[in-house]
Engineer: 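After the C-alpha cells below, expect a handful of questions from me.
Just so it is clear, the structure is predicted and the values come from calculations on it, not from any experiment.
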Amino acid sequence: MNSGFPLVKVIAWITLFFAQCSLFSVDAQVNTSSLPSGSKALSDVSILKRAIEHARKQGDIHQAETLTGEFHQLALAENTPISIADSYFQQARNAMERNNYEPAHELLNQAIGLYEAQNNQVGLAKAYRQLGLTYRYQSNYPQALEYIYLAMQISQQLNDQPAIASTYNNIGLVLEKMGLLEGAAQAHQQALELHYELENKDGIASALYNLGDLRRLMGDHTLALNYFKDALAIDLASGGKKYIAYSHNKVGYQYVELGDYQKAQEHLNTALALFKQIQAPRDTDWALTSMARLEMELGNLEQSRALLDGVIARAIKQNYKSLLVDAYRLSASLALKSDDTKLAIQHINAGVAQAQSNNETHDEALLEALRVQAYIKEDALRLAFDALLAQKKLEDETLHASRINTIATLQSQTEFVRRAQQIKLLEQEKALSKVKQEQFELGRNVSIAGIVGIFVLFVLIYSRINQRNLNKRLTREVALRTTELEQKNIELQAAYQKMEAISLTDKLTGVHNRRFLENQIGADLEKSQRVYTDWHDGKTPQPQQADIVVFMIDMDHFKHVNDEYGHGAGDEVLQQLTQRLALVFRQSDYIVRWGGEEFVGVARFINRSDASNLAQRLLEEVGATPFTLSNGASTYHTCSVGYACYPSALHHNQANDWQTLIALADTCLYEAKNNGRNAWVGIECINAPSANVTDIATGFFESGAHKDKIKVVTSFTSANV
C-alpha cells in the first residue's frame with residue numbers, strides 16, 4: 001500500500017469534520033435535525049459534496065475550491081470511479097462560477113467519461129446539462145442545445161422531475177439567445193409549472209427571472225420588473241449570492257428603463273459588489289455594462305464611455321462573445337448620443353458580425369435599428385432605408401404573427417401560477433425615436449433625397465403603429481387565453497400521454513413493445529426481491545402474491561399461415577392472438593410483442609404455484625376456436641409456452657436481471673417445442689446461489705443434470721420433472 005494513503009485519509013477526515021461543522025452552524029437546511037435518524041450512515045463523500053455546494057451558494061468560491069480539492073483526494077484514496085467523476089463535476093462547477101469556461105469544459109468531459117463507464121445515468125444527465133451551459137456561455141448555441149437535450153432525454157427516462165424542470169430552464173435560456181422567443185417561452189413556462197408542483201422555491205425564482213427577461217425583450221418593462229422583484233425576494237430568502245446578484249442587476253436595469261435612476265443605482269451597486277465578492281469576472285463586466293447604461297441616461301457620457309471601453313477590451317480578450325454584442329450595442333447608442341456617428345457605425349458593424357457569429361438574430365435586429373438612426377444623423381437616407389429593411393427582415397424572422405398565440409398563452413399561464421390578482425395590461429413597447437427631418441442641402445439629388453426621406457419617415461411611423469396594434473392584439477389574446485388555461489393544460493397532458501403511449505406500443509397488435517418491457521420490468525423485479533429480502537432477514541413471514549412470472553409464447557407452425565394465405569392473413573392472426581392473450585392475463589399484467597409471432601406475458605405479483613394454470617389457459621384460449629380471416633377462411637392454431645418464475649432462487653438474494661429471466665423462459669419454450677408443441681414447460685425455482693442459472697436449466701434439459709437444484713413442471717407429464 002502507498003505510504004501516502006493514510007496521510008490523505010487523515011487530511012480528508014479533518015476537512016470533512018470542519019465541513020460538517022460549517023454546515024451545522026451556517027446553513028439550517030443541512031443541520032442534522034433535518035435529517036432522518038441514522039444520518040451518520042451518510043457517506044463521507046456525500047456530506048463533503050453538500051459542504052461544497054453550500055459554500056458555492058454562499059459565494060465563497062475559495063472555500064468551495066478548497067473543499068473540492070480535499071473531496072478529490074478522498075475520492076482518489078477510496079478509488080471510487082463515481083466519486084472521482086463527482087469531484088471533476090464539482091471542479092467544473094467552481095470553474096464556471098469564476099467564468100472559466102474552457103477548464104470547466106475539460107473537467108466535464110472527464111466526468112462524462114467516468115459516468116459513462118459506470119453507466120451512472122443521473123451523473124451523466126447533470127454533466128451533459130452543465131456541459132451544455134459551458135457552450136451557451138461561449139455562444140455556441142447549437143452545441144449547447146445538443147448536450148442539454150441529451151440531458152433531458154436521460155432525465156425523462158429516469159422520471160427525475162427536478163432535473164427535468166432545471167433542464168427546461170436551460171433550454172429556454174439558449175433559445176432566447178438565439179432569438180427563438182416562442183420556444184424559449186414554452187420552455188420557461190414548463191420549468192415554472194414543474195418547479196411550482198415540486199415546491200422548489202429556487203427553481204420558481206429562476207423561472208420567473210427568465211420569464212421576466214422575455215417580457216423585457218418584448219418591451220414590457222413594468223411587468224418584467226415585477227417578475228425580477230419576485231425572483232429577488234426568493235433569492236434573498238434562499239441566500240445564494242450569485243442569484244441575488246443576478247436579480248439585483250436585472251431589477252436595476254429595469255429601473256433604468258423606467259427612469260427611476262436612484263433605485264437603479266442602489267440595485268446595480270449591490271449586484272456589482274456581489275459579483276466582485278464571488279470573483280466572477282464576466283458577470284462583473286455584465287453589471288458594469290448596466291452601470292454604463294445608467295451613467296449614459298444620467299448624462300455622464302465620459303464615465304459611461306470609460307466603463308464600456310473597459311468591458312469591450314476585456315470581453316475581446318476573454319472571448320465573452322454574447323457580452324461583447326451587448327457592449328457594442330450600448331457603445332453604439334452612447335456614440336449616437338455623443339453625435340459620434342463614425343464610432344457608432346464602427347461598433348454597430350462589429351456587433352452585427354459578432355451577433356451573426358453567435359447566431360443571435362434578435363440582437364442583430366437591435367443593432368440594425370441603431371444603424372438606421374446613425375445613417376439618418378448623417379443624412380444618408382438611402383443607407384438608412386436599406387438598414388431599416390434589414391432590421392424588419394430580422395424582426396420578421398424572430399417575431400411573426402404565428403407566435404402571438406404562444407406568447408399570449410405564456411402570459412396567461414404565468415399569471416395563473418403566480419396567483420396574480422389580475423392580468424396586467426401590456427404596456428406599449430418603447431416608441432421609436434422621433435425622426436426630425438432636417439433641411440436638406442440644395443443639390444442635384446435634392447428631390448430624390450426628399451422622396452426617400454419621406455418614405456423612410458412613413459415606414460418608421462407605420463412600424464410604430466403596427467407595433468402598437470400588435471400589443472393591443474396581444475392584450476386581447478391574453479384575456480382570451482386566460483379563460484382557456486385549464487382546458488389547454490388537459491389537452492397538452494393528453495397529447496403527451498398519447499405520444500408516450502405510441503412510443504411504447506407495437507403498431508400492428510396494439511400491445512406493448514420491447515421498449516416498454518425494458519422500462520417497466522426492472523422496477524417490478526426490484527420490488528419482488530425487496531419483499532423476499534425482508535423475509536430472508538426475518539422481518540416478515542414468507543411472501544404471498546410476490547412472484548413475477550415471465551411467459552414466452554410462440555405460435556406453432558405460424559409460417560404456414562403466411563405461406564398459404566399471405567402476410568396480411570398472418571397479421572390478422574397475430575391481432576386476434578393478442579385478444580386471446582388478454583383474456584388470460586389481468587389488466588395489471590402486461591403483454592409484449594417480442595418479435596414476429598413471439599410474445600412475452602408478464603404476470604405481476606402472483607403465487608408461482610398459479611403459473612401452470614395460466615400456462616394451461618393460454619394453450620386452451622389459443623387452440624379452442626378457429627382464427628377467422630378477412631377472406632372468409634378460418635384456421636386453427638396452437639401455441640407453445642415457456643415460463644420462469646422470479647426470484648428463481650427462493651432462499652438466496654439475487655440480482656434483478658430480467659434478461660436472465662427471459663433466457664430461462666426461452667429455454668423452457670424450446671423444450672416445449674421439442675416435445676411436440678401445443679405444450680408448456682415452466683421453471684418454478686432453482687435452489688442455487690449461482691449466477692449461472694441458465695447453465696443449470698440447459699444442463700437439466702439436455703442431460704438431466706442438476707435435478708437436486710431445479711424444479712420444472714410441464715404439461716406433458718402429470719408429475720414434476
Side-chain angles (χ1 to χ4, degrees), residues 136-142 176-180 217 282 285-286 288-293 295-297 301-399 430 432-433 435-436 438 445 449 452-453 455-457 459-460 463:
R136 176 220 167 194
Y137 286 116
Q138 293 170 310
S139 300
N140 188 344
Y141 302 124
E176 177 186 332
K177 292 303 295 183
M178 295 174 71
L180 303 176
L217 291 173
R282 180 200 174 278
D285 277 336
W286 176 45
L288 287 172
T289 304
S290 300
M291 191 68 76
R293 172 70 189 280
E295 295 293 345
M296 183 179 74
E297 294 299 329
L301 304 188
E302 292 183 3
Q303 293 92 322
S304 181
R305 171 56 58 199
L307 289 171
L308 283 174
D309 287 346
V311 169
I312 290 172
R314 289 187 294 274
I316 293 173
K317 181 179 180 180
Q318 300 297 331
N319 203 25
Y320 299 150
K321 298 178 181 178
S322 184
L323 178 63
L324 186 57
V325 173
D326 294 339
Y328 275 138
R329 188 171 72 247
L330 184 56
S331 179
S333 297
L334 177 61
L336 289 174
K337 207 173 187 69
S338 305
D339 294 323
D340 189 349
T341 54
K342 182 178 180 181
L343 178 62
I345 293 173
Q346 177 186 339
H347 280 187
I348 289 168
N349 290 336
V352 167
Q354 188 63 61
Q356 290 174 342
S357 175
N358 297 354
N359 195 23
E360 295 173 351
T361 309
H362 180 74
D363 290 314
E364 187 181 351
L366 295 176
L367 285 159
E368 289 295 344
L370 289 174
R371 193 192 300 277
V372 174
Q373 297 180 34
Y375 283 138
I376 289 175
K377 274 184 173 290
E378 290 190 338
D379 293 336
L381 297 182
R382 174 73 68 179
L383 294 175
F385 178 64
D386 292 341
L388 182 62
L389 292 179
Q391 175 200 349
K392 299 308 293 179
K393 180 180 178 182
L394 289 166
E395 288 177 345
D396 288 343
E397 292 176 1
T398 56
L399 184 62
K430 188 176 182 181
L432 296 172
S433 300
V435 180
K436 182 178 180 181
E438 300 176 351
N445 294 326
V452 173
F455 184 72
V456 169
L457 183 60
V459 173
L460 289 172
S463 298

Engineer: Grab the two heavy atoms, one from Val325 and one from Ala355, that are nearest each other, plus how far apart they are.
Structural biologist: CG2-N, 3.7 Å

Engineer: For Leu330 and Met296, which heavy atoms make the closest approach, and how far apart are they?
Structural biologist: CD1-CE, 3.8 Å

Engineer: Taking all heavy atoms of Tyr320 and all of Arg314, pick out the closest pair and write down the distance.
Structural biologist: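 Reported closest heavy-atom pair: CD1-O, 4.4 Å.
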
Engineer: To the closest 0.5 Å, what do you measure between CD1 (Ile348) and CD (Glu368)?
Structural biologist: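 One finds 8.0 Å between CD1 of Ile348 and CD of Glu368.
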
Engineer: Can you pull out every ring-ring contact (aromatic ring centres under 6.0 Å, His included) where at least one residue sits in residues 334-356? Sequence neighbours excluded, please.
Structural biologist: Tyr328-His347

Engineer: Which heavy atom of Ile345 sits nearest to which heavy atom of Tyr375, and what is that distance?
Structural biologist: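 Scanning both residues, the minimum pair turns out to be CD1-CE2, 3.6 Å.
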
Engineer: With sequence neighbours left out, what residues match Arg136 under side chain to side chain donor-acceptor pair (under 3.5 Å)?
Structural biologist: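 With neighbours one apart ignored, the set is empty.
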
Engineer: Work out which heavy atom in Ser304 is nearest to a heavy atom in Leu334; give both atom names and the distance.
Structural biologist: OG-CD2, 3.5 Å

Engineer: What's the separation between atom CZ in Arg329 and atom CG in Leu370, rounded to the nearest 0.5 Å?
Structural biologist: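 Answer for the CZ-CG pair, Arg329 versus Leu370, is 8.0 Å.
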
Engineer: Got a second to check how far Leu307's CG is from Ile312's CD1, nearest 0.5 Å?
Structural biologist: 11.0 Å

Engineer: To check you understand the geometry: which heavy-atom pair defines the closest contact between Leu301 and Ser338, and what is its length?
Structural biologist: CD1-OG, 3.6 Å

Engineer: Name the one of Ile316, Val311, Asp285 that satisfies side chain to side chain contact (heavy atoms under 4.5 Å, CB included) with Leu324?
Structural biologist: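 For Leu324, the side chain to side chain contact (heavy atoms under 4.5 Å, CB included) test succeeds with only one of Ile316, Val311, Asp285, which is Ile316.
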
Engineer: Would you compute the distance between atom CH2 of Trp286 and atom OG of Ser322 and round it to the nearest 0.5 angstrom?
Structural biologist: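 Here the interatomic distance stands at 10.5 Å.
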
Engineer: To the nearest 0.5 Å, tell me how far Leu323 CG sits from Lys321 NZ.
Structural biologist: 13.5 Å

Engineer: Please confirm whether the backbone N or O of Ser331 pairs with a side-chain atom of Arg305, one donor and one acceptor, at under 3.5 Å?
Structural biologist: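 Here the side-chain-to-backbone pair exists.
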
